[in-house]
Amino acid sequence: MLLLGVNIDHVATLRNARGTRYPSPVEAALVAETAGADLITLHLREDRRHIRDADLAVIRASIKTRMNLEMALTDEMLDNALRVAPQDVCLVPEKREELTTEGGLDVIRYFETIRHYTRQLQANGTRVSLFIDPDDEQIKAAQETGATVIELHTGRYADAEGEAVHQAELVRIRHAALYGDELGLVVNAGHGLNYHNVKPIAAIREIRELNIGHAIIAQALMTGLAPAVREMKTLMLEGRHDAR
Ligand SMILES: CC(=O)[C@@H](O)[C@H](O)COP(=O)(O)O
Ligand SMILES: NCC(=O)COP(=O)(O)O
């Protein structure tokens, strides 16, 4: 069963644009769950450009599925995660000047820090995922940190210009998913997935979960959030069915 994690970051982007209390990320999370979201993903960035600290506790307490908290490798974020104790944490790279996440974690470079954070979070009952590029060395290093989940960065696939590059990135993700699965890791994927490019990724049977945010929230502006979530779930199921 391929699961959908709805990332609600950009509900908070719209809220913060005017400093109002609406649209409410927690209300969006509950609507997304009712429409079929299997989990709720949110990214508390160091610059708080969208999700804010107060969002964490209320969403953790209110949602009925599970919280997947994305966070950078900082002690501040680790303290937040240990306090909120989400079911899942996804460790992601972060640069203040970036428009959005630009690449995967360099697990090899930050191995000791990641292993230390992973142990602390797991001891607190949180499952740890590493957001990495579809790269064998990064996947192997991820396994060696003790993390049990990887999330393959699909940004290069999503942003690829030209069919040849697009297909090459798809092949790269297929291989990475198979390799991660062979190592015994839970393999997820996300970033830049939308209604036009999701099906080939959904067709990769080793992938357990897709985390999708920007495209769903954008679609929600046109059709409403519940229909946007339902449509994404339908496309994911169609893609998975095509894999047979
Ligand atoms: C890690 C990832 O690809 C996204 O989940 C991340 O949240 C993107 O950052 P923004 O939501 O700030 O664009
Ligand atoms: N980890 C990917 C995620 O949560 C959502 O990314 P996007 O769909 O907003 O690009």
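All ligand and atom numbering here is 1-based and tracks the order in the structure.
Here R96 does not pair with D47 in a salt bridge; the nearest charged N to carboxylate O distance is not below 4.0 Å.
Without hydrogens or angle criteria, R15 side chain to R21 main chain gives no donor-acceptor distance under 3.5 Å. Looking only at distances, a side-chain donor or acceptor of Y157 sits under 3.5 Å from a matching main-chain atom of N197.
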Between ligand 1 and the protein, which N/O pairs are shorter than 3.5 Å?
residue	atom	partner	partner atom	Å
ligand 1	3 (O)	H191	ND1	2.4
ligand 1	5 (O)	N7	ND2	3.3
ligand 1	5 (O)	E70	OE1	2.6
ligand 1	5 (O)	E70	OE2	2.8
ligand 1	7 (O)	D9	OD2	3.0
ligand 1	7 (O)	H43	ND1	2.9
ligand 1	7 (O)	E70	OE1	2.9
ligand 1	9 (O)	R45	NH2	3.1
ligand 1	9 (O)	T100	OG1	3.4
ligand 1	11 (O)	D9	OD2	2.6
ligand 1	11 (O)	H10	NE2	3.3
ligand 1	12 (O)	R45	NE	2.7
ligand 1	12 (O)	R45	NH2	3.4
ligand 1	12 (O)	H50	NE2	2.7
ligand 1	13 (O)	H10	NE2	3.4
ligand 1	13 (O)	T100	OG1	2.6

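Of all protein heavy atoms, the one closest to atom 8 (O) of ligand 2 is G213 N, 2.8 Å. Nearest non-hydrogen protein atom to atom 9 (O) of ligand 2 is H214 N, 2.9 Å.
For the ligand labelled ligand 2, residue H153 lies outside the 4.0 Å heavy-atom shell.
Sorted pairs that involve residues 60-95 and meet ring-ring contact (aromatic ring centres under 6.0 Å, His included), not counting sequence neighbours, are lacking altogether.
In the model, H116 has no side-chain atom that pairs as donor or acceptor with a side-chain atom of E112 under 3.5 Å. Residues H175 and D136 have side chains that bring a donor and an acceptor to within less than 3.5 angstrom of each other. Judged by distance alone, the side chains of T41 and N7 never bring a donor and an acceptor atom under 3.5 Å apart. Side-chain polar atoms of D106 and Q138 form a donor-acceptor pair below 3.5 angstrom.
Between F131 and H153, the ring planes are tilted. Angles from 30° to 60° get that label.
Distances below 4.0 Å separate heavy atoms of I212 from the following atoms of ligand 2: 8 (O). Heavy-atom proximity to T41, at under 4.0 Å, picks out these atoms of ligand 2: 4 (O). Taking every heavy atom of G192 and a limit of under 4.0 angstrom, the matching atoms of ligand 2 come to 7 (P), 8 (O), 10 (O). Below 4.0 Å from some heavy atom of N7 lie the following atoms of ligand 2, by number and element: 3 (C), 4 (O), 5 (C).
When every heavy atom of Q87 is checked against every heavy atom of T65, the shortest pair comes out as NE2-O, 4.0 Å.
Looking at N211 against ligand 2, both its backbone and its side chain come within 4.0 Å, counting heavy atoms.
Comparing H191, H10, E151 by heavy-atom distance to atom 1 (N) of ligand 2, the nearest is E151.
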